[in-house]
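Following: one structure in structure tokens, then a few remarks.
Convention: sequence-line order gives letters A, B, ...; per-chain numbering from 1.
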2 protein chains.
Amino acid sequence: MPIMGDGKRAGSKPATIYDVAARAGVSKSLVSLVLQRSPRVSDQRRAAVLRAIQELDYRPSTAAVALAGTRSRTIGVVLDDFRNQWFVDLLTGLRESLQDQGHRLVVADRFLNTGLDASPVEGFLSMRVEGIVIAGEPDTDLAVPASMPLVVAGGRVTIPRADTVANDDRTGGAIAAAHLLDLGHRRIGFVGARSAASDERRTGLEARIAAAGPGASVVSAVLSGEPTEEAGVRAVGVLLDEHPDVTAVFAANDVMAIGALSGLAERGLRVPEDVSVIGYDDTPVAASRYVGLTSIDDRSVEIGRGAGERLLARIADPGAPAREILVEPRLVARRTTARR
Amino acid sequence: MPIMGDGKRAGSKPATIYDVAARAGVSKSLVSLVLQRSPRVSDQRRAAVLRAIQELDYRPSTAAVALAGTRSRTIGVVLDDFRNQWFVDLLTGLRESLQDQGHRLVVADRFLNTGLDASPVEGFLSMRVEGIVIAGEPDTDLAVPASMPLVVAGGRVTIPRADTVANDDRTGGAIAAAHLLDLGHRRIGFVGARSAASDERRTGLEARIAAAGPGASVVSAVLSGEPTEEAGVRAVGVLLDEHPDVTAVFAANDVMAIGALSGLAERGLRVPEDVSVIGYDDTPVAASRYVGLTSIDDRSVEIGRGAGERLLARIADPGAPAREILVEPRLVARRTTARR
DNA sequence: TTGTAAGCGTTATCAG
DNA sequence: CTGATAACGCTTACAA
């Protein structure tokens, strides 16, 4: 049974720093110093305090620490939606760069506390976080005070005063193009939706194909709505209706790519024998053995790490000019692309 | 551009209740009363305070509120891993039952603040949350003090003092069985792993099949490791090697079911023409048009709502006997099951 | 209805 | 090194 309650002090209120001080026979300040790992405490006293902390199961109140201290040592991470898995890797990267400095991470998506806060940012502001990371491009209007250190990770909205760390979509598109050209494809279709990321990826694709010479060309089906699986199905349908000769499809993201797979299957086309398909984001579904989708890895861990570093730099020097950092994506070849 | 900084007070420290009081020409307590929506405040003063709050962009410090108040009005939700998507629906349910009461939700998985806290529970304890919800069955040793209101949602670990709200796995297994029997299947395979949920689901399946009479039977392949996609592939392989006559496969969860789909495809078996497949959990992948996996919906939203209600009850009456609530799962029929 | 004052559990600033 | 003592921003009796 992994979960157990310890019997001691059950029911009573949590121990305070006073309790610890009394038990260890020292002053409250001494306890505080021990807590902050100050070297200016005798080993004997320190040991006594530590023992008292153990015995009382003492845990400093974050509220009191935040209130009394000068810094909250907390960073708020704003997600648009917990369903968008990519944030998981982003958090890994953020943790790597932020946690050595003792920063605590708090996450919220736009639904978590609806009804209490107008937006996740409101909640973070109340917590007096030292910095905010916005993951992706939330569609709500986020009012972040100009004085709050802010970095946008993975999104392409450029806010003058915010640092931006994102995957280089244009390069990603070019990488996809190069992969397909390598495999011998010359007539390539793009399926996308109305988003900045989709546009950039297409631009990268087209540029690289154009550079390959007159033998290769791109045709596109860009829908006006959200880049959903359904949109992928529809877009690939449109694409093939108009251009039955495409042998490879590059989708603006994995979700649309999965839709494209459905669309192709429903038309009786085999992947990758008849048509190759490549997605973008390298999501868990793409990596699934069942799907095995070739995709462009947007390097979320790297983005997270970079975002954390930028945020620290900005906290240290709020006046520093905003930077935009692009992380190089990379190809992850799987089963849905093949030589033609 | 959705994100904007408001110019006012940029750089300065956040306004306090004193600033608001001064600006509105009232005392700090009056401001506090307005904040708490007390009816015992004249409309005039209230308006003045509200205006000052607006003008100063004032936001109460959660730290100060928590420290001064008697309750933190915060509930901690412990997830094992942000990658296990089912928590998203759970949160929806929790929100529904908890937020009317003004409770704030804080979430953490076991990685979020590793290096700072020994476990997510540690962090929540420091925050002085009023209750904790454990989602699923975390593998870390969570030391939750006996005095902390606790409910386990979706897990099957039964802790004497904790309430439990979970999906009724046995009934779920029976529902899967009934569905397959309805479709005319008589020789049914089960693929699972070593977990309490898997066992319960199989038990439910077997009971229902047995009740159908001697014409129907179940054969199982239960692996010893984690219920992963790979495990699904292997398990369905073992199953078919030993029992080539099965016409339907019930997997302990969707992930294994997806693995089973791969395994079947690799053996040249078509789904659902040759073999029907049914999973459990009704995850987003199952719902994907590309996969279209028939599954058992574990009703996570309901579980969340129930967990929230139990937690409130327990907070109100800590001495109440622990209850175990089972939520009825339901079938979601898609493309992977068919009449034989 | 409104104001006063005493905490809440820490950190921080100084004298010893 | 150690220990008072004053903040920190807010809630909450208790008075007025």
With 3.5 Å as the limit, what N/O pairs link the protein to nucleotides 6-8 of chain D?
| unit_1 | atom_1 | unit_2 | atom_2 | d |
| --- | --- | --- | --- | --- |
| D:dC8 | O2 | A:Leu67 | O | 3.3 |
| D:dC8 | O2 | A:Ala68 | N | 3.3 |

d(CZ, B:Arg71; C1', D:dT12) in whole Å: 15 Å

statement: What one should report as the nearest heavy-atom pair of B:Val133 and B:Ala153 is CG1-CB, 4.0 Å

- prompt: Does the distance from a Lys or Arg side-chain N to an Asp or Glu carboxylate O, for B:Arg73 and B:Glu130, drop under 4.0 Å?
  reply: no

field: Phosphate-side-chain proximity, B:Ser61 and D:dG9, N/O vs OP1/OP2 below 4.0 Å
entry: no

query: Between atom NZ in A:Lys28 and atom P in C:dG9, what is the gap in whole Å?
result: 13 Å

field: Point-to-point distance, once rounded to the nearest 0.5 Å, from CZ of B:Arg51 to CD of B:Gln54
entry: 10.5 Å

message: Applying a 4.0 Å non-hydrogen cut-off, can you work out what B:Thr70 is touching in the nucleic acid: base, sugar-phosphate, or nothing?
response: sugar-phosphate

Using nucleotides 13-16 of chain C, report all nitrogen or oxygen pairs with the protein that are shorter than 3.5 Å.
none

field: Any pair counted as ring-ring contact (aromatic ring centres under 6.0 Å, His included), so long as it reaches residues 98-123 of chain A, sequence neighbours left out
entry: none

Rounded distance in Å - CZ (B:Arg46) to P (C:dT1): 10 Å

Options D:dT2, C:dT2, C:dT11, nucleotide nearest the side-chain atoms of A:Ser32: C:dT11

- prompt: Do A:Arg83 and A:Asp109 meet the salt-bridge criterion of a basic N to acidic O distance under 4.0 Å?
  reply: no

Selection from C:dG3, D:dG3, D:dG9 that lies nearest to any side-chain heavy atom of A:Val26: D:dG3

field: Stepwise side-chain contact (heavy atoms from CB on, under 4.5 Å) check, A:Ile75 with A:Val129
entry: CA-CA 5 Å; A:Ile75 303 294; A:Val129 297; 5.9 Å; no

task: Give the minimum heavy-atom separation between A:Leu112 and B:Leu105, together with the two atoms involved.
output: CD2-O, 3.6 Å

- line: Taken to the nearest whole Å, OH/A:Tyr58 to P/C:dG9 is 10 Å

query: Any side-chain N or O of B:Ser42 less than 4.0 Å from the OP1 or OP2 oxygen of C:dT2?
result: yes

- request: Measure from CD1 on A:Ile53 to P on C:dT10 and round the result to the nearest Å.
  value: 10 Å

message: Is the phosphate of D:dG3 approached by A:Arg45 (side-chain N or O, under 4.0 Å from OP1 or OP2)?
response: yes

- request: Kindly write out the residues that satisfy side chain to side chain contact (heavy atoms under 4.5 Å, CB included) with B:Ile325, not counting sequence neighbours, or none if the list is empty.
  value: B:Val165, B:Arg310

- request: Please name all residues satisfying ring pair (Phe, Tyr, Trp, His ring centres under 6.0 Å) with B:Phe124, sequence neighbours left out, ordered by chain then number.
  value: none

Separation of D:dT2 C1' from A:Gln44 CD (nearest whole Å): 14 Å

task: Calculate the interatomic distance between A:Leu33 atom CG and D:dA4 atom C1'; express it in whole Å.
output: 13 Å

Closest non-hydrogen atom pair between B:Leu94 and B:Ala307, with its separation: CD2-CB, 4.0 Å

message: Testing the 3.5 Å rule here: is there a donor-acceptor pair between the side chains of B:Ser32 and B:Gln36?
response: yes

task: Report the distance from atom CD of A:Gln101 to atom CD of A:Glu309, rounding to the nearest 0.5 Å.
output: 10.0 Å

message: Which is more 5' along DNA chain C, the nucleotide nearest B:Arg128 or the one nearest B:Val41? Just name the residue.
response: B:Val41

message: What is the separation between atom CG on B:Leu30 and atom P on D:dA16, rounded to the nearest whole Å?
response: 18 Å

query: Given D:dT11, C:dG9, D:dG3, which nucleotide is nearest the side-chain atoms of B:Ile17?
result: D:dT11

- prompt: So how far off straight is the helix from C:dT1-D:dA16 to C:dG16-D:dC1, going by the axes through five pairs at either end, to 10°?
  reply: 30°

